[in-house]
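Each chain gets a letter, A, B and so on, in the order the sequences are listed, and its residues count up from 1.
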Amino acid sequence: MPRDSWIADLHIHSRYSMACSRDLELPNLAYWSRRKGISLLGTGDFTHPAWFAHLQENLVAAEPGLFVLGSSIEHRLPSSLPREPTRFMLSVEISTIYKRDDRTRKVHHLIYMPDFESAARFRESLLRAGCNLSSDGRPIIGLDSRDLLEITLEASADAFLVPAHIWTPWFSALGSKSGFDAIAHCYADLAEHIKAVETGLSSDPEMNQRVSSLDAYQLVSNSDAHSPQALAREATAFTCELDYFAVRAALATGVGLAGTIEFFPEEGKYHGDGHRDCGINWTPAQTREANGICSVCGRPVTVGVLARVEDLADRAQPVSSGKSVTHLIQLHEVLGEIEGVGPKSKTVEGKVNALVAALGPELDILTSVPISEVAAAGGELLAEGVRRLRAGKVTRVPGYDGEYGVIRLFEPDELHVGGDTLFDVPVVEKVVPPKRTVARKVTAPRKPVSAPPLPTAASPHEPFEPMLAGMEEVGTGLLDRLDAMQRVAASAPGGPLLIVAGPGTGKTRTLTHRVAYLCAEMNVYPEQCLAITFTRRAAEELRHRLGGLLGPVAKDVTVSTFHALALSLIREREPGFEVTDLDELMPKAVALLRDQGMEKRWPWVFVDEYQDVDPYQYELLRLLVPPDGNICAIGDPDQAIYSFRGADVQFFLRFSHDFTDARVVRLTRNYRSSAPIIAAAVQAIAPASLVPGRRLDPAKVDLEAPLIGRYTAASAADEAAFIAKKIDELVGGTSHRTKADVRGMTGASLSFGDIAVLYRTDAQAAAIVEALSRASIPVQKRSHDRLRDRSSVKAVVAELRLDNGLTGSISARLKATAQKLEQWEAADLLMPLAQRCGNDLERFLADVSTGAEVDALDPRAEAVTLLTLHAAKGLEFPVVFLAGCEDGLLPMRFPGRPPSEEDLAEERRLFFVGLTRAQRRLFISHSVRRMTFGGERDARPTPFLINIDSGLLDELGESSPRRPRDQQLRLL
DNA sequence: GAGTTGTGCTTTTTT
DNA sequence: AGCACAACTC
């Protein structure tokens, strides 16, 4: 290292991070930095609320963008150390877990902020995106890396991001398990903002310099310390000014960046390949020879950093950047080896203290203190050890599969008492091939590596649907992509048509293809078609998919919710009608149509979810369609779950009676779920099915399909803990390495967004949110949050529209309105849109009303979805947890009020809906005790389980011990 | 005004 | 069930 350089360690953690020492508080960090010889330390963990407060309380501003400890720690330090206080820089490591291109990605990032205000903005953006920052100092969030970078850059123009330990297999940008093949892929269109990468403990610059795509980046090293003692075990040396902006510039250009202090890469936990549990420790060549399969357990070995580097390397030899590289092992490890005791022992601690008091900072002792002085203070053996260390003459046993490697300075017999043989034993030379570095003077910034164009995270990955070129051109093959019964339904002639579509049988697909078929091949005009749904979401989905099939003419099809349709019919007859009570809309529309005669504008009417129509909606349909008219109703009576708000499944069941000569088509081929899930669902609904001869046939045949997991919990908290643990396994571990559960996941992998937890009542959510948050698993309760967001946005917009006294740009008016209503979050959300609209209020109002605009402004983090069974209808997830499957909860029972047969049947349908949301994995859980109706009581599993063949269920453990009462009964 | 009786509670979408 | 609250009665 150049003499005038200073040392920075810009990746550490606080006491609030998982598996980190409780001693990680600012005074201790300052103390240990001084002992180690660090001038600049990252604070780590600034997104954590408690640590953020601790930082604000204890730090005072120093050089631009840097801070120092407000209180003095000089009294704790020996006088041998320079009296310069340690500077701090706001830093945090963030773990992103998300899905891109159908693969789960887990990438760690280091983020730096120049001031507390920017850091606070950054925290708020993450909170707004739905991230949980409280349970771990290193938060796990469901955002795409690219989106995280965007949020970073938005928080401050001076903020920057450095990909962390880029080679580790499980959690990094280039990791073999869940990363990318180039840094640029990871950050997509924002990749140019990445200037430096952290090489991590298991790789050193030489290894990185065999990968030409990394030439574009400065290489930095940090300790990733989980305890104060580990500070500066790796570090970066600078020669620039000691301030945030100079450091940022040095990391961007290399000017002022002197080099790095490194582990011998073999010491890293993931350097080599192997299996820790099987005792297999292989070189990449050995792994290749064994085809990657562990000779002990037969499973693929964990492929380490060295192999990954070789995979991506496009040079046989490294091309040096000219930066200094210093390989070290820590002083306490050197002393531990010499003394024959543990590196964390009291003996070693005492020796280190004495050496620091005599010679100064640990790093100086290891790198620059004259050997004679080391010998004088620490003895000949230590001096020889340090001499060998500085010469790189060490023995290396590589680390693998999470096991640290071992670096030794001496052979065991050299350390025997007597010491005579010490200098006679040949020293083991470096194992790595001699380097042939090419000197390079220029460190000017280079162009980032070119990467193939990537879909950005913002663009949804919609399934490809070919577009019909035009109305006149017959869409040959339009129906080719349907199965036999879907085709029968889609191409049926006019007249009443009822499609009984079981879950996952392609209901929307069939409906959209029918519309497209009629328009493209049967001379039906799109404007003659009316498609009615219950929810805006369903309407949007229908519109979108029709657009994909029909192209531009799709917009001529009227797609509307029942309520929107009612409103427009009323407005045509009573211009200027304002929206009063939502419940009034349907009756009023029906009354008007009844008085004024049938509405004949749409000769072709399509109704989604027909099993959920209520008497008014039914009446409206009768007024839109004559008994022999072209009505196509689609739905599934076994999914009728809305009787509590007036829906009546009888309308579905008597369709053929209401509409003459109705054709009935049944869709039974299920494309959604695995065979065991489908079998269980059919068995569960059978006793109360409203579909004669109910059947569902799995389209996928997978003999490996996992069974349905069943868990008996001791309490609601235990059930929630089970769900949290299982989710951690399913995503292959969130922080520490968990035993991954990859069953049923051929060719794909899982992330948080693929997982849903369903329950009967909203009250159940609290325990689950609590357990998942504690496990750092991001969660979102659907609908609730969104509704709140949307309503506050609406309030702001309504106020903005009303207040004519306000003048100036929309953004200025928005600001004023936000102040008035104290709706800061909503205003923040709308601000970019407002700025785009300038002074055009109409455009602003129109854009807001589409809703999609608002959604697009709010990049939501991927998260496990929590929702009620009712809210889950129409959705599907690769993994579903069905929680609280207990008698009394599902089916819901009110004490003292026995449920009617019809009530029970609807609860059973709710269970059926829940089961059929799952694609690949389904977990059913119930607790033996549960709080209900103000008291905790015993609970039995839902009686609906009785109908499911026990061979389909996989008992995942009974956490509750047999109750004492039962044991006593046995004894009697 | 104090005391009594009755009701609802879960699920939730729609301009 | 068991509580909160509204609508009764005296």
Side-chain angles (χ1 to χ4, degrees), chain A residues 532-541 559-572 574 576-590 607-609 611-614 616-617 620 639-647 758-766 781-788 790-791 793-795 797-798 801 845-846 848-851 866-875 883-884 886-900 902-914 930-939:
Chain A
I532 311 172
T533 65
F534 281 83
T535 66
R536 299 192 324 175
R537 196 184 68 217
E540 273 161 31
E541 164 94 3
V559 181
S560 171
T561 64
F562 270 108
H563 284 80
L565 176 66
L567 184 70
S568 72
L569 289 171
I570 295 167
R571 283 214 176 124
E572 279 171 11
E574 292 182 9
F577 175 84
E578 256 314 308
V579 182
T580 47
D581 186 353
L582 289 174
D583 296 335
E584 304 282 293
L585 283 177
M586 290 304 305
K588 189 169 172 64
V590 166
V607 194
D608 197 14
E609 306 277 18
Q611 78 281 359
D612 284 331
V613 294
D614 69 19
Y616 289 112
Q617 290 157 343
L620 184 73
Q639 294 182 73
I641 54 171
Y642 279 109
S643 71
F644 73 90
R645 60 174 200 221
L758 314 186
Y759 40 79
R760 178 62 176 86
T761 71
D762 205 48
Q764 293 168 253
K781 265 177 76 179
R782 251 188 95 253
S783 79
H784 284 268
D785 289 348
R786 294 232 128 170
L787 225 57
R788 184 155 37 81
R790 205 158 53 211
S791 64
V793 165
K794 276 183 179 176
V797 173
R801 188 207 299 258
L845 295 175
V848 170
S849 68
T850 61
L866 265 55
L867 69 181
T868 62
L869 285 164
H870 283 91
K873 197 168 80 148
L875 305 177
E886 290 146 32
D887 198 8
L889 198 52
L890 182 64
M892 193 72 170
R893 285 185 209 273
F894 294 90
R897 222 161 307 167
S900 69
E902 190 35 52
D903 289 340
L904 278 175
E906 182 140 326
E907 295 288 321
R908 186 184 284 276
R909 292 196 288 267
L910 213 41
F911 186 57
F912 178 68
V913 166
R930 170 97 48 192
M931 281 283 287
T932 39
F933 300 107
E936 199 190 51
R937 56 203 86 225
D938 285 352

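Taking only side-chain nitrogens and oxygens, A:Thr561 comes nearer than 4.0 Å to OP1 or OP2 of B:dT15.
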Detail all sub-3.5 Å separations between protein N/O atoms and N/O atoms belonging to nucleotides 7-10 of chain B.
from, atom 1, to, atom 2, distance (Å)
B:dC9, N4, A:Arg897, NH2, 2.8
B:dT10, O2, A:Arg760, NH2, 3.1

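Straight-line distance between the P atoms of B:dT10 and C:dA4: roughly 14 Å, to the nearest whole Å.
Taking a cutoff of 4.0 Å between a charged side-chain nitrogen and a carboxylate oxygen, A:Asp903 and A:Arg893 do not qualify as a salt bridge.
Under the side-chain hydrogen bond (donor to acceptor under 3.5 Å, both in side chains) criterion, A:Ser643 pairs with A:Glu906, not counting sequence neighbours. With sequence neighbours excluded, the residues that form a side-chain hydrogen bond (donor to acceptor under 3.5 Å, both in side chains) with A:Arg930 are A:Glu719, A:Glu886. In this structure A:Asp583 satisfies the salt bridge (charged side-chain N to carboxylate O under 4.0 Å, His left out) test with no other residue, sequence neighbours excluded. For A:Lys873, the salt bridge (charged side-chain N to carboxylate O under 4.0 Å, His left out) partners at least two apart in sequence or on another chain are A:Glu609, A:Asp612.
Between the CG atom of A:Asp583 and the P atom of B:dT14 there is a distance of 13 Å, given to the nearest Å. Regarding A:Arg645, its CZ atom lies at a distance of 8 Å from the C1' atom of B:dT14, rounded to whole Å. Distance A:Ile641 CD1 to B:dT13 P: 11 Å, rounded to the nearest Å. Remark: C1' of C:dC3 and CE of A:Met931 are 13 Å apart, rounded to the nearest angstrom. Distance A:Phe562 CZ to B:dT13 P: 17 Å, rounded to the nearest Å. Atoms NE2 (A:His563) and C1' (B:dT12) sit 12 Å apart, rounded to a whole Å. Atom CG in A:Leu567 sits about 15 Å away from atom C1' in B:dT13, given to the nearest Å. Here the C1' atom of nucleotide B:dT12 and the CD atom of A:Gln617 are 13 Å apart, to the nearest Å.
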For this session: Could you walk me through whether A:Leu758 and A:Val913 pass the side chain to side chain contact (heavy atoms under 4.5 Å, CB included) test, one step at a time?
Result: CA-CA 10 Å; A:Leu758 314 186; A:Val913 166; over 6 Å; no
For this session: For DNA chain B, just give me the dot-bracket, please: Watson-Crick or G-U, both distances below 3.5 Å, ( ) intra-strand, [ ] crossing earlier pairs, | paired with another strand, . unpaired.
Result: |||||||||......
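If you check every strand for non-hydrogen atoms under 4.0 Å, A:Phe644 touches a base.
Taking the six-membered ring where the residue is Trp, A:His870 and A:Phe644 present perpendicular rings, their angle passing 60° and hence far from 30°.
The closest side-chain heavy-atom distance from A:Thr535 to A:Thr561 is not below 4.5 Å.
Shown here is A:Phe534, whose CZ atom has more than 12 heavy atoms of other residues, nucleotides or ligands within 6.0 Å.
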